[in-house]
Amino acid sequence: MNVTALTNESIRKKPASKRASRQRSSSTPLEVVRLCYNESPYGMPPKSHEALFAAETRSNNYPDFFAFELKKALAAEYSLETTNIITVAGSSALIDIIGCTFINPGDEVLYCSPTYEAFADMANAYGGVPAPIPLAGDLSFDLDGLYNAITPKTKIVVIVNPNNPTGGYVPSSKIEEFIRKAPDDILIVVDEAYIDFVDHPDNYSMVKLIQEGIDKPVLILRTFSKIYGMAGIRVGYGVSSPEVIDELAKSSHAWNVSNVSQAAAIVALGEKEFIANVKSEIVKGREYVSRELKRLGCAVNDTQANFIYFSSPLAPEDITAALKEKDVLIATFAWSRVSIGTPEENRAFIDALEEVLAEVALKEQSPA
Ligand SMILES: *Cc1c(COP(=O)(O)O)cnc(C)c1O
């Protein structure tokens, strides 16, 4: 059976996804110190739990296909119209919809690398060409570099801020400046998955440009997976002009938000105090983990997200493997990435890493 011969040309040429969450050699255990996916250790607001269970009793009914009440709640949150909002089963689904809607074969998707691998996947899946340039020295997006790299082939420019996996942050006014001077025949995508964790003073959402009615295609990606603690129930959204939203909404992915996800997300939007508390715990946690990593001799990249990108004297895949033996999961890139957990989880991670580094130091001292 030659299924590859049946696939479309883009998929035939597409390299396997690098996203760790797509690896299927085993499941990721839950009952460990799980600091590998930037999840919230605090879960969703308690009232969202109640709303989710109440909605579950109507699971024989289809969800509202257009998630109208959720769109209404999001529109109210931003003083926009429901026509400015697309809801999706996680913002990863929206990244795919972007490719499906905008990419013709050969179109370039420009971004800085390393960043969220979903953007390279999206380009490849639709016959586009990923066009990565390096991050800036502080491992945030290099806006001048991006601007200079725009060519007639550029269809989409992606900005992830704060960036994943590095945590690097560009002040919001710089992003606004970039968007204002960028040509108006490309789609600018700003992924704000981690913006709720930022405590830099120059910090506002690019939704502002949509509120002001900017006359160029700009799309802001947001998710309930991170600070809202809902990664498991898959809900995200995009904010843009009605013209962009209308085109995106032709995709069937745009109907795929489940009834329980809609109910939980609507309620979560009202739980400001809960979210503010999560932010303050995470900010404290990242200060603690940064400090401790430095004490252990690691290089630590400045972060505004709920994770830290660091390097130690060991290769990142070796640290990941050694920590896994101790039931602590982190992620491997060119450096290591550890999510911020509860204070207990953060301490467990630091203790385990300290042990691992001490074991290595011992081995180096005694000839084998
Ligand atoms: C986690 C993450 C998302 C959100 O993914 P969901 O599909 O909404 O769970 C989006 N962008 C980046 C950069 C992320 O790290």
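Everything numeric here is computed off the predicted structure, so don't read it as measured data. This chain uses plain numbering: 1 for the first residue, then up along the sequence. Read the numbers this way: they start at 1 and go in the same order the structure lists the ligands and their atoms.
- The protein atom (non-hydrogen) at minimum distance from atom 2 (C) of ligand 1 is Lys226 NZ, 2.4 Å.
- Under the 4.0 angstrom criterion for non-hydrogen atoms, Val160 is in contact with ligand 1.
- Considering only non-hydrogen protein atoms, atom 4 (C) of ligand 1 sits nearest to Ser91 OG, 3.1 Å.
- Comparing Asp191, Asn164, Asn306 against atom 12 (C) of ligand 1, the shortest heavy-atom distance belongs to Asp191.
- For the pair Arg337 and Tyr309, the cation-pi test (distance below 6.0 Å, angle within 45°) is failed.
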Report the C-alpha distance between Glu359 and Lys326 in whole Å, list the side-chain angles of each, state the deciding distance to 0.1 Å, and finish with yes or no for salt bridge (charged side-chain N to carboxylate O under 4.0 Å, His left out).
CA-CA 13 Å; Glu359 284 158 19; Lys326 299 178 187 292; 3.2 Å; yes
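- The heavy-atom pair separating Ile340 from Leu35 by the smallest distance is C-CD2, 4.3 Å.
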Please report the C-alpha distance between Glu281 and Arg286 in whole Å, then the side-chain angles of each, then the deciding distance to 0.1 Å, and finally whether the salt bridge (charged side-chain N to carboxylate O under 4.0 Å, His left out) criterion is met.
CA-CA 9 Å; Glu281 288 304 312; Arg286 83 182 169 211; over 6 Å; no
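- With atom 9 (O) of ligand 1 as the reference point, the heavy atom nearest to it among Ala193, Ser225, Ala89 is part of Ser225.
- Applying side chain to side chain contact (heavy atoms under 4.5 Å, CB included) to Leu135 and the options Thr166, Asp142, Asn301 leaves one that passes, Thr166.
- At a heavy-atom cutoff of 4.0 Å, ligand 1 is contacted by the side chain of Tyr194 but not by its backbone.
- The shell of residues lying under 4.0 angstrom from ligand 1, judged by heavy atoms, excludes Gly236.
- Taking a cutoff of 4.0 Å between a charged side-chain nitrogen and a carboxylate oxygen, Lys14 and Glu9 do not qualify as a salt bridge.
- Below 4.0 Å from some heavy atom of Ser92 lie the following atoms of ligand 1, by number and element: 5 (O), 6 (P), 7 (O).
- Taking every heavy atom of Arg234 and a limit of under 4.0 angstrom, the matching atoms of ligand 1 come to 6 (P), 7 (O), 9 (O).
- Ion pairing between a basic and an acidic side chain is recognised when a charged N comes within 4.0 Å of a carboxylate O; Asp196 and Arg222 show such pairing.
- Considering backbone and side-chain atoms alike, Asn38 places every N or O at 3.5 Å or more from each N or O of ligand 1.
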